Amino acid sequence: MKPSPAKVANRYAALSDAARCAPGGMCFRYTTRWGVDGPGNSRDDLVVHGNVRGLSGPHAWVERKDGRVFDWQTAEGVWETLGRQPDPSYSKKGWPKREFYAEFKPTKMKKYREEDAMINSIRAGHHGPWTEAEEHHAPVSKTAAPNARGRKHAAAKRPCAAWPGPSNSD
């Protein structure tokens with residue numbers, strides 16, 4: 001049985017930012033378990049680590065080939081409770097990718113094949129995010145943070161630096 005929205009909001013509010021999305025946080029565990037537990041999961045799914053508007057540290061989500069996005073906060077009703085999820089059915093069927101990106105404005109993304117994310121998790125000993133030294137399987141794509149005008153930095157093709165940790169305010 002799913003807990004009430006008030007119970008979810010209270011449980012989520014009680015967590016520190018570090019606990020919400022620190023290495024080993026629920027969003028990262030959710031994505032690395034996707035290959036085993038995810039509804040309609042496929043080998044084409046991508047595990048994404050990045051920063052999103054509204055969280056002070058890194059976040060993780062899954063992008064399916066069919067254009068749907070799944071994350072722990074949506075599955076647990078957190079975004080709906082906080083008024084950031086326009087359609088309650090997203091908890092079951094995922095966000096349309098375009099809407100997820102419009103709402104959360106993700107930056108500094110690293111996208112991994114689902115299988116590679118599981119291997120990185122096992123070898124690193126945690127669910128992410130992983131530093132370059134911990135990446136046994138490199139991401140299939142990376143994005144740089146936008147500059148002040150919202151454009152990607154010219155140096156976006158160089159390898160990303162190690163994750164700054166939960167204190168990052170993007």
Side-chain angles (χ1 to χ4, degrees), residues 1-3 8 11-12 14-79 85 90-97 100-101 104-145 156-170:
M1 183 173 172
K2 198 168 188 171
V8 170
R11 189 171 65 200
Y12 189 72
L15 297 173
S16 66
D17 278 345
R20 288 181 196 151
C21 277
M26 294 307 294
C27 56
F28 290 94
R29 184 179 191 284
Y30 176 87
T31 60
T32 55
R33 293 286 305 161
W34 182 263
V36 178
D37 302 330
N41 62 348
S42 120
R43 297 190 82 154
D44 296 323
D45 296 341
L46 294 175
V47 170
V48 185
H49 294 175
N51 291 339
V52 296
R53 188 181 69 196
L55 291 177
S56 63
H59 186 47
W61 61 94
V62 173
E63 293 180 1
R64 285 195 339 199
K65 190 175 183 177
D66 67 0
R68 305 303 286 191
V69 173
F70 292 82
D71 73 335
W72 177 82
Q73 284 83 346
T74 301
E76 292 295 315
V78 173
W79 297 137
Q85 181 177 327
Y90 293 174
S91 296
K92 295 273 189 237
K93 68 179 186 177
W95 287 75
K97 184 177 175 181
F100 184 87
Y101 275 60
F104 297 104
K105 310 269 190 269
T107 61
K108 297 183 181 179
M109 292 180 285
K110 290 184 175 183
K111 298 184 179 191
Y112 303 88
R113 291 182 324 123
E114 176 267 322
E115 182 179 336
D116 293 344
M118 288 177 70
I119 292 168
N120 283 349
S121 177
I122 292 165
R123 290 188 174 172
H126 61 87
H127 296 282
W130 305 294
T131 64
E132 285 187 10
E134 293 174 320
E135 288 175 338
H136 296 277
H137 290 276
V140 293
S141 70
K142 300 178 195 179
T143 60
K157 293 183 182 177
R158 73 173 188 261
C160 294
W163 280 97
S167 64
N168 187 355
S169 61
D170 270 11

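Everything numeric in this text was worked out from a predicted model, so none of it was measured.
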Could you tell me the separation between the NZ atom of Lys93 and the OH atom of Tyr90, rounded to the nearest 0.5 Å?
6.5 Å
Mind telling me whether Phe100 and Trp95 have parallel, tilted or perpendicular rings, with 30° and 60° as the class edges?
perpendicular
Given side chains that start at C-beta, do those of Met109 and Trp61 come closer than 4.5 Å, heavy atoms only?
yes
In this structure, CD of Glu135 is separated from NZ of Lys110 (nearest 0.5 Å) by 4.0 Å
Rounded to the nearest 0.5 Å, what's the gap from NZ on Lys105 to CG on Asn51? Could you check?
15.0 Å
Contacts of Asp44 meeting side-chain hydrogen bond (donor to acceptor under 3.5 Å, both in side chains) (sequence neighbours excluded), chain-then-number -> none
Here the gap from Met26 atom CE to Asp71 atom CG, rounded to the nearest 0.5 Å, amounts to 12.0 Å
If we ignore hydrogens and angles and just use 3.5 Å, is the side chain of Thr32 paired with the main-chain N or O of Met118 as donor and acceptor?
no
Kindly indicate, with the supporting measurements, whether the criterion ring pair (Phe, Tyr, Trp, His ring centres under 6.0 Å) is fulfilled by Tyr112 and Trp130.
CA-CA 11 Å; Tyr112 303 88; Trp130 305 294; 5.1 Å; yes
Sequence neighbours excluded, which residues qualify as side-chain hydrogen bond (donor to acceptor under 3.5 Å, both in side chains) partners of Arg113?
Asp116
Between Ser91 (side chain) and Ala75 (backbone), is there a donor-acceptor pair under 3.5 Å?
no
One thing to verify: whether Asp66 and Arg64 come together as a salt bridge, which I'm taking to mean a side-chain N less than 4.0 angstrom from a carboxylate O.
yes
Can you tell me how far apart CD (Gln85) and CD (Gln73) are? Round to the nearest 0.5 Å.
11.0 Å
For Trp79 and Phe104, I'd like to know if the aromatic rings sit close, meaning centre-to-centre distance below 6.0 Å.
yes
So do the side chains of Pro58 and His49 get within less than 4.5 Å of each other, counting heavy atoms only?
no
So, for Lys111 and Val48, which heavy atoms are closest and what is the spacing to 0.1 Å?
CG-CG2, 3.7 Å
Looking only at non-hydrogen atoms, find the nearest pair between Phe70 and Gly94 and report the distance.
CE2-N, 3.4 Å
Can you tell if the side chain of Tyr101 reaches within under 4.5 Å of the side chain of Pro106, non-hydrogen atoms only?
yes
Is the shortest side-chain heavy-atom distance between His126 and Ser121 below 4.5 Å?
no
To the nearest 0.5 Å, how far apart are CZ in Arg43 and CD in Glu114?
7.5 Å
